[in-house]
Amino acid sequence: MDLSDWRDEFPVLERKTYLISASLGPVSRRSKAYLEEYMDAWSTKGAPDHVWFEDIFPRMGALKRSFSALAGCDPDEVALTTNISIALSTIASSLDLSGERRTVILSELDFPTDGHVWIAWARKTGAEIRWLRSPDGLTIPLEEYDRAIDDRTALVMVNRVLYRSSAIVDAKAVCAIARDRGALSFVDDYHGLGIVPLDLHDLGCDLYTAGVLKWMLGGPGLAFLYARRELLPSLEPAVTGWFATREPFSFDTEHLDYHPTARRLEHGTPPAPVFFIAQGGIDIISEVGPAAIRARQGELTDHLIARADEAGLEVRTPRDRELRGGVVNVKVGMDARKICHELLAHDVCTDYRGDGLRISPHFFNTEDDIDRCFEELRPIL
């Protein structure tokens, strides 16, 4: 699949072999143009209200519609927040974790912020954390969730794509088990949104969050938070702000009336410039399409694994492309940080975790990019 025509959209590709989109997707010309439009509006319209009501609020609405079309949900089920930590804390502050159902289930391979937030709330509420263990350091089998979810479970966290190994978890099956046993399911999809096709209503989760920093090409500062429509009326978060209210511009200090839609999960004054950058990224991902992106990434990561095999390097990512996301973790030894920085000195951008390089080609990359990475890696090793 040839998607190389998109390379001109990303200026960094003119200077660097960019294989680090799972850490920070490159900024596009379209995102820069959207941001410049906002800056022009801010600098020329004068009255702040005009920028808010003519530019910022419409952009927030457009982002929710764009995400909903991409993710298979409705715009009024989507809130905008700044990162996954705030999204998790908002939901945690909405739940009663002091009763019979007080167990939150996580896996040892989930992204650390998931554990950190739920541990903090457990300390405040008396909730219990149950950790699922991986038999191979790469995956969490469905059977582990099946054994763990019971009538004491309040909520199950699921990372649809594991950040370290890029293994895909059967999130739909986990959500079904949780639902059948009366527990809530919460999917963290930061490493899957944009590259693994998604239909939230079909997935069947109660809650979902993902950010735009990585594969979505949107930069830091924006995460989407979805809540199933039927669940919304029961969510009254303690982590809140004036934009979560039904009438924020009533300036009523003494009453808290949550908005009837997912806006009740939003907070204070939003970081406006981020929304314009993010719109450029989500536009591009929507135009290329997650299905096409997944197909191309499958080709590229197959090639990457073959090059690692040729170099005699251990691959700690599932070899079956249907079972992995967009990252390939290649073991390079305890000097992974140093090796990563040596590659960067040669304009090859990768990432590292522990003793492994995380190499993450996106749809605009080519086999030549991967070949250059291994050519530069050989003398370093």
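Values below: every heavy atom of this structure, side chains too, minus hydrogens, waters and symmetry copies.
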Practice item. Taking all non-hydrogen atoms of both residues into account, name the closest pair between Gly354 and Ala336 and its distance. Key: O-CB, 3.3 Å
Practice item. Might you confirm whether atom CD of Glu100 has over 12 heavy atoms from other residues, nucleotides or ligands at distances under 6.0 Å? Key: no
Check your understanding: Taking only residues two or more places apart in sequence, or in another chain, which ones meet Arg123 in a salt bridge (Lys or Arg N to Asp or Glu O under 4.0 Å)?
Key -> none
Show me the donor-acceptor pairs, under 3.5 Å and distance only, between side chains in residues 372-381 and residues at least two apart or in other chains.
from	atom 1	to	atom 2	distance (Å)
Arg372	NH1	Thr17	OG1	2.9
Arg372	NH1	His346	O	3.4
Arg372	NH2	His346	O	2.8

Check your understanding: Do Asn365 side-chain atoms and Tyr18 backbone N/O form a donor-acceptor pair below 3.5 Å?
Key -> yes
Review point. Quick one: does Arg59's side chain have a donor or acceptor within less than 3.5 Å of a partner on Pro273's backbone?
Key: no
Check your understanding: When rounded to the nearest 0.5 angstrom, what distance separates CG in Leu304 from CG in Asn329?
Key -> 10.5 Å
Exercise for review: Sequence neighbours left out, what passes salt bridge (Lys or Arg N to Asp or Glu O under 4.0 Å) with Asp368? Give chain and number order.
Suggested key: none
Review point. Quick one: do Asp347 and Arg15 make a salt bridge, cutoff under 4.0 Å?
Key: no
Check your understanding: Between Lys64 and Glu266, is there a salt bridge with N-O shorter than 4.0 Å?
Key -> yes
Exercise for review: Starting at CG of Asp110, measure out to CG of Asn159 and round the result to the nearest 0.5 Å.
Suggested key: 4.0 Å
Exercise for review: Taking the side chain as every heavy atom from C-beta outward, state whether Ser68 and Tyr226 have any atom pair closer than 4.5 Å.
Suggested key: no
Review point. What's the shortest heavy-atom distance between Ser360 and Trp215, and which atoms?
Key: CB-CH2, 3.5 Å
Check your understanding: For Arg29, what residues pass the salt bridge (Lys or Arg N to Asp or Glu O under 4.0 Å) criterion, not counting sequence neighbours?
Key -> Glu14
Exercise for review: Check side-chain hydrogen bond (donor to acceptor under 3.5 Å, both in side chains) between Asp40 and all other residues, then give those that pass, not counting sequence neighbours.
Suggested key: none
**Study point:** Members sharing Phe111's hydrophobic cluster (side chains within less than 4.5 Å)
**Key:** Tyr163
**Study point:** Heavy atoms of other groups near Arg337 CZ, more than 12 under 6.0 Å
**Key:** no
Check your understanding: Got Ile177 and Leu142 here, is their nearest side-chain heavy-atom distance under 4.5 Å?
Key -> yes
Point to revise | Side chain Glu108, main chain Ser134, donor-acceptor under 3.5 Å | key: yes
Check your understanding: Can you find a pair of side-chain heavy atoms, one from Arg130 and one from Asp150, that are under 4.5 Å apart?
Key -> yes
Could you pull out all donor-acceptor pairs under 3.5 Å where a side-chain atom in residues 235-245 meets a protein atom, sequence neighbours excluded?
from	atom 1	to	atom 2	distance (Å)
Trp242	NE1	Thr269	OG1	3.3
Thr245	OG1	Trp242	O	2.8

Review point. How would you list all residue pairs meeting salt bridge (charged side-chain N to carboxylate O under 4.0 Å, His left out) that involve residues 238-248, not counting sequence neighbours?
Key: Arg246-Asp257
Study note, to complete from the structure: With sequence neighbours left out, the residues meeting side-chain hydrogen bond (donor to acceptor under 3.5 Å, both in side chains) with Asp283 are Tyr34, Gln279
Exercise for review: Could you name each residue pair satisfying ring pair (Phe, Tyr, Trp, His ring centres under 6.0 Å) that touches residues 310-336, not counting sequence neighbours?
Suggested key: none
Check your understanding: Would you call Phe10 and Ile284 a side-chain contact if the rule is heavy atoms closer than 4.5 Å?
Key -> yes
Review point. Hey, does Arg294 have a side-chain heavy atom less than 4.5 Å from the side chain of Val196?
Key: yes
**Study point:** Minimal non-hydrogen separation, Ser185 against Gly204, with atom names
**Key:** OG-O, 4.1 Å
Revision key, fill the gap. Rounded to the nearest 0.5 angstrom, the CD1-CG distance for Ile277 and Leu35 is 4.5 Å
Practice item. Kindly determine whether Arg316 and Asp136 satisfy salt bridge (charged side-chain N to carboxylate O under 4.0 Å, His left out), including the steps that lead there. Key: CA-CA 10 Å; Arg316 279 95 60 89; Asp136 56 7; over 6 Å; no
Review point. Do you reckon Val315 sits in the same ILVMFWY cluster as Ile359, going by side-chain contacts under 4.5 Å, direct or chained?
Key: yes
Study note, to complete from the structure: Taken to the nearest 0.5 Å, the spacing of Glu77 CD from Arg229 CZ works out to 4.5 Å
Exercise for review: Could you label the plane-to-plane angle of the His362 and Phe364 rings as parallel, tilted or perpendicular, counting under 30° as parallel and over 60° as perpendicular?
Suggested key: tilted
Practice item. Could you tell me whether Arg296 and Glu367 make a salt bridge, using a distance below 4.0 angstrom between a side-chain N and a carboxylate O? Key: yes
Check your understanding: Any salt bridge between Arg324 and Asp302, counting N to O under 4.0 Å?
Key -> yes
Revision key, fill the gap. So CZ of Arg263 and CG of Leu225: to nearest 0.5 Å the spacing works out to 14.5 Å
**Study point:** Counterpart residues, salt bridge (Lys or Arg N to Asp or Glu O under 4.0 Å), relative to Asp8 (two or more places apart)
**Key:** none
Exercise for review: Step by step, work out the side-chain contact (heavy atoms from CB on, under 4.5 Å) result for Leu63 and Leu222.
Suggested key: CA-CA 10 Å; Leu63 273 172; Leu222 171 63; 3.9 Å; yes
Review point. Any side-chain heavy-atom pair from Val104 and Phe186 closer than 4.5 angstrom?
Key: no
Sequence neighbours left out, cut at 3.5 Å: what donor-acceptor pairs do the side chains of residues 207-214 make with other protein atoms?
from	atom 1	to	atom 2	distance (Å)
Tyr208	OH	Asp189	OD2	2.6
Thr209	OG1	Phe224	O	2.9
Lys214	NZ	Ala22	O	3.0

Practice item. Measure the shortest side-chain to side-chain distance between Glu36 and Met39 over non-hydrogen atoms and say whether it is less than 4.5 angstrom. Key: no
Review point. Which atoms form the tightest heavy-atom contact between Thr153 and Ala183, and what is the distance?
Key: O-CB, 3.4 Å
Exercise for review: Show your working on side-chain contact (heavy atoms from CB on, under 4.5 Å) between Asp335 and Glu342 and close with a plain yes or no.
Suggested key: CA-CA 10 Å; Asp335 288 333; Glu342 287 282 346; over 6 Å; no
Check your understanding: How long is the gap from CG on Leu323 to OG1 on Thr317, to the nearest 0.5 Å?
Key -> 11.5 Å
Point to revise | Derivation of the side-chain contact (heavy atoms from CB on, under 4.5 Å) call for Leu88 and Trp118 | key: CA-CA 8 Å; Leu88 295 175; Trp118 286 108; 4.1 Å; yes
Practice item. Could you walk me through whether Leu198 and Arg160 pass side-chain contact (heavy atoms from CB on, under 4.5 Å), step by step? Key: CA-CA 10 Å; Leu198 174 67; Arg160 193 166 68 124; 3.9 Å; yes
Point to revise | Step-by-step side-chain hydrogen bond (donor to acceptor under 3.5 Å, both in side chains) determination, Thr90 to His267 | key: CA-CA 9 Å; Thr90 301; His267 305 97; 2.7 Å; yes
Study note, to complete from the structure: In terms of heavy-atom contacts, Ser31 and Gly280 come closest through OG-CA, 3.4 Å
Study note, to complete from the structure: Residues Arg321 and Ala295: closest non-hydrogen pair is NH1-O, 4.0 Å
Review point. Does a side-chain heavy-atom distance below 4.5 Å link Leu300 with Phe363?
Key: no
Point to revise | Donor-acceptor contact present, side-chain Asp351 to main-chain Arg353, <3.5 Å | key: no
